[in-house]
Amino acid sequence: MLATQLNHMIATNLIGANTIVQVEQFMSNRVKDRTVIILLNVHALRNEPSRIGDPQDIEKAQIATPGVAPSLTSAPAAAAVPAQPLYNKTNYATGSSVPPVKTGSPNPYGGPSRNPHHASPVRSSHAPIVRDTVNGTPITNISNLNMYANKWTIQARVTSKSDIRTWSNAKGEGSLFSVELLDQTQDVRATFFKEAVDKFYSFLQIGSVYTFSGGRLKVANAQYNTCQSNFEITFDQNSEIHLANDDGNIQRQHYEFIDSIAGLERTEPNTMVDLLAVVQAVGEVATIVSKKSGQELTKCDLTLIDTSATQITLTLWGDKAASALTDYNQQPVVAIRRARVSDYGGRSLSLSGSIETNPDIPQTAPLQTWWRTQTANGGVTGKSLSATRGGAGVMESLEQRQTIADIKNNNLGYAGDKPDWLTFKATVSFLKKDKEGGSWYPACANAGEPCKNRYKVTQTTDGNWYCDKCQGSFPTCVRRWIFSGVVEDDTSSTWVSFFNEQAETLLAGATADQVYAETYQDQQDQDAYDSYFAKANHTEWIFKCKVKNEMVNEESRVKTSVVAMQPVDFAKESRDLLSALAKF
Ligand SMILES: [Zn+2]
């Protein structure tokens with residue numbers, strides 16, 4: 001920390017990132033378990049264009065190599081450093097006996113690290129201290145950008161690009177998009193407005209490297225900007241952006257991986273995390289309607305697992321969801337950049353950044369090896385943080401299945417406002433089909449918002465159907481199944497509710513409209529109606545249910561609703577049972 005009386009050195013740009021200083025006078029303070037050195041008198045000696053060596057947090061470095069002073073550590077790879085000293089032209093006026101340049105970094109994975117923060121000595125020796133120049137213009141590191149230098153050129157990889165968004169307010173309207181740029185030092189967010197959108201949007205491609213100049217800096221808003229740089233950049237139509245030669249020195253993506261999935265159990269909701277994991281299973285690709293925007297969204301849930309033998313569900317959206325089955329069916333290692341932690345049904349993740357398959361980073365191979373070993377030994381008995389998750393996407397595995405008796409035994413449905421979820425295998429033993437006029441309700445014919453064929457309509461005297469929700473009157477309605485039934489397994493039995501989609505599954509795809517037309521419309525054919533239910537009775541399914549305590553007529557009761565169901569695949573069931581038995 002710089003003493004207050006020296007603040008002018010920052011303001012006048014005498015000291016910035018990578019300035020070499022001579023410390024004349026300092027004091028050491030303990031502040032909340034951290035040692036802080038306060039510089040009382042320093043001289044700026046010179047400004048380096050980039051960071052020298054590989055300095056690390058001394059406390060973290062000591063944990064990594066207990067008992068060894070990290071600045072004195074010399075990794076075996078140091079032998080590969082050419083005889084010529086790296087920084088022989090630098091005059092270290094400090095006269096310190098401790099070499100300021102660390103010659104090797106302990107790399108837990110052996111090979112040279114691609115992480116710019118753990119650059120191996122071999123790579124450093126080839127990296128020029130003064131970065132490349134482009135047409136005579138020196139390249140500034142993103143970490144060296146500051147408000148006092150307004151002419152700079154950075155060379156960076158586009159690691160993400162947003163869609164074009166438009167805004168409209170009292171001041172006018174326009175469009176914008178943003179990108180994230182990464183070089184060997186840091187990543188930074190950059191935004192393009194109006195004319196710059198037209199000029200640069202299609203030119204900038206994710207994964208390509210460009211030189212950028214003519215941007216303006218402002219202090220980053222930490223709420224929306226999770227890049228490492230303290231600044232963000234605005235480019236306009238006069239900014240200069242050119243495709244640059246990609247020499248591979250800049251990583252594909254910057255990751256700050258969390259230690260393990262297990263740790264997410266204690267992570268606050270809405271936290272953004274980076275994660276390296278194996279895709280254990282790909283769920284169904286489903287289309288849902290966003291409650292917020294009313295738009296249709298494609299989603300797909302991946303089940304992720306890592307060496308902590310803990311699973312978590314990651315939801316992909318849009319194009320990434322649509323291609324998930326082909327992209328991830330080989331159980332690849334994936335590097336996830338920015339997934340939002342949700343406490344929906346335990347803990348789950350939703351991707352808001354990028355996902356990279358089998359990334360070219362040192363951590364990938366050990367994880368692949370671990371996964372191969374696990375699967376060769378009969379699979380992993382993982383604990384899932386998302387086991388109680390709702391939604392139809394992922395059916396729990398055999399190990400995570402429960403029984404009907406668990407509903408009562410575990411007092412499901414009484415956990416505050418949130419429902420409980422459980423999956424069990426059971427047989428249908430009774431279906432309550434004998435409702436006056438058929439076991440369905442008339443829903444609004446309006447297939448768009450806000451009704452989407454969901455809301456109940458009432459028939460008016462003129463024969464039309466009136467909807468309270470959209471206040472529309474329609475000559476027809478859409479019938480939706482709604483009935484209850486009893487399912488049982490070898491532990492107990494329970495009443496469950498079947499709503500339209502699950503009822504259609506149960507009744508071999510028969511829609512309520514179809515059965516109505518066949519058995520009610522012209523003349524009532526009770527036998528034909530009953531036969532649909534008779535075929536469904538005594539069938540065996542894996543049910544996923546929502547269990548919630550509800551007040552009905554001032555009486556509390558537990559309501560169990562089927563949210564997803566699938567027929568028992570007896571071959572798969574047998575394989576799963578054999579592998580579960582093998583683990584005893
Ligand atoms: Zn309606």
Side-chain angles (χ1 to χ4, degrees), residues 284 286-289 345 388-396 401-408 412-413 419-444 451-457 477-489 491-520 526-550 552 557-569:
E284 286 166 27
T287 307
I288 60 157
V289 177
T388 55
R389 182 183 172 86
V394 176
M395 271 296 188
E396 273 71 37
R401 243 184 247 165
Q402 291 177 270
T403 63
I404 294 176
D406 285 330
I407 299 174
K408 276 204 181 99
L412 297 189
D420 286 311
W421 308 81
L422 86 163
T423 300
F424 54 82
K425 185 173 76 167
T427 302
V428 176
S429 61
F430 176 72
L431 292 169
K432 196 167 182 282
K433 61 183 168 50
D434 293 329
K435 185 184 156 202
E436 178 80 38
S439 292
W440 44 66
Y441 73 92
C444 182
C451 298
K452 287 245 166 195
N453 298 148
R454 281 182 310 239
Y455 289 93
K456 193 174 177 176
V457 288
C477 69
V478 175
R479 284 171 187 81
R480 289 171 63 88
W481 291 112
I482 182 167
F483 54 85
S484 54
V486 177
V487 297
E488 53 191 43
D489 66 7
T491 66
S492 186
S493 67
T494 183
W495 280 94
V496 293
S497 310
F498 293 95
F499 297 106
N500 198 47
E501 286 76 12
Q502 287 70 43
E504 284 178 6
T505 307
L506 179 69
L507 302 176
T511 66
D513 270 337
Q514 182 190 329
V515 176
Y516 168 82
E518 235 174 80
T519 66
Y520 267 85
Q526 190 66 38
D527 285 348
Y529 176 84
D530 287 351
S531 73
Y532 280 97
F533 292 88
K535 277 180 222 152
N537 209 0
H538 306 300
T539 51
E540 196 173 17
W541 303 83
I542 314 293
F543 291 103
K544 181 164 191 165
C545 291
K546 181 171 89 167
V547 185
K548 183 85 186 75
N549 161 48
E550 283 180 357
V552 177
R557 57 169 206 168
V558 169
K559 188 176 176 188
T560 303
S561 313
V562 178
V563 293
M565 54 192 283
Q566 61 188 37
V568 179
D569 174 346

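On a predicted model such as this, the values are computed, not experimentally measured, just so you know.
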*For Tyr532, is the NZ or CZ atom of Lys535 found under 6.0 angstrom from the centre of its six-membered ring and inside 45 degrees of the ring axis?*
yes

Practice item. Report yes if some heavy atom in the side chain of Gln526 is under 4.5 Å from a heavy atom in the side chain of Asp434; otherwise report no. Key: yes

Heavy atoms of Leu431 and Ala536 approach each other most closely as CD1-CB, 3.9 Å

Flag side-chain contact, heavy atom, 4.5 Å: Arg454 against Asn500 = no

d(Cys444 SG, Tyr455 OH) to nearest 0.5 Å is 10.5 Å

Here the pair of heavy atoms bringing Lys425 nearest to Asp489 is O-CB, 3.3 Å

Within the 4.5 Å heavy-atom criterion, are Leu412 and Val558 side-chain neighbours or not? no

Thr511 side chain to Asp513 side chain, donor-acceptor N/O pair below 3.5 angstrom
no

task: Kindly indicate whether the side chain of Thr505, heavy atoms from C-beta on, has any atom under 4.5 Å from the side chain of Trp541.
output: yes

Closest non-hydrogen atoms of Val457 and Cys477, given as atom of the first, atom of the second and distance, are CG2-CB, 3.9 Å

Does Glu504 reach the side chain of Arg480, with side-chain heavy atoms less than 4.5 Å apart?
no

dist Gln402:CD -> Ile404:CD1 (nearest 0.5 Å) comes out at 11.5 Å

Ala503 and Phe498 have their tightest heavy-atom pair at CB-CB, 4.3 Å

message = Taking Thr403's backbone N and O only, do any of them form a donor-acceptor pair with Asp406's side chain (distance below 3.5 Å, no angle check)?
response = yes

Side chains of Phe424 and Val487 in contact at under 4.5 Å (non-hydrogen atoms) | yes

Closest non-hydrogen atoms of Lys432 and Ser439, given as atom of the first, atom of the second and distance, are O-OG, 3.7 Å

**OP:** Run the salt-bridge test on Asp530 and Lys433 with the 4.0 Å N-O cut-off and return the result as yes or no.
**Re:** yes

Mutual orientation of the aromatic rings belonging to Trp481 and Tyr529 [parallel < 30°, tilted 30-60°, perpendicular > 60°]: tilted

Note to self: Do Thr539 and Leu506 make a side-chain contact, defined as non-hydrogen atoms from C-beta onward lying under 4.5 Å apart?
What the structure shows: yes

For Asp420 and Gly413, the nearest pair of non-hydrogen atoms, with its separation, is OD2-N, 2.7 Å

Taken to the nearest 0.5 Å, the spacing of Gln514 CD from Arg479 CZ works out to 13.0 Å

d(Thr427 OG1, Glu488 CD) to nearest 0.5 Å is 7.0 Å

The residue among Trp440, Phe499, Phe533 that forms ring pair (Phe, Tyr, Trp, His ring centres under 6.0 Å) with Phe483 is Phe533

Value for NZ (Lys548) from OG (Ser561), rounded to nearest 0.5 Å, stands at 11.0 Å

Q. Taking it one step at a time, do Thr560 and Phe543 satisfy side chain to side chain contact (heavy atoms under 4.5 Å, CB included)?
A. CA-CA 11 Å; Thr560 303; Phe543 291 103; over 6 Å; no

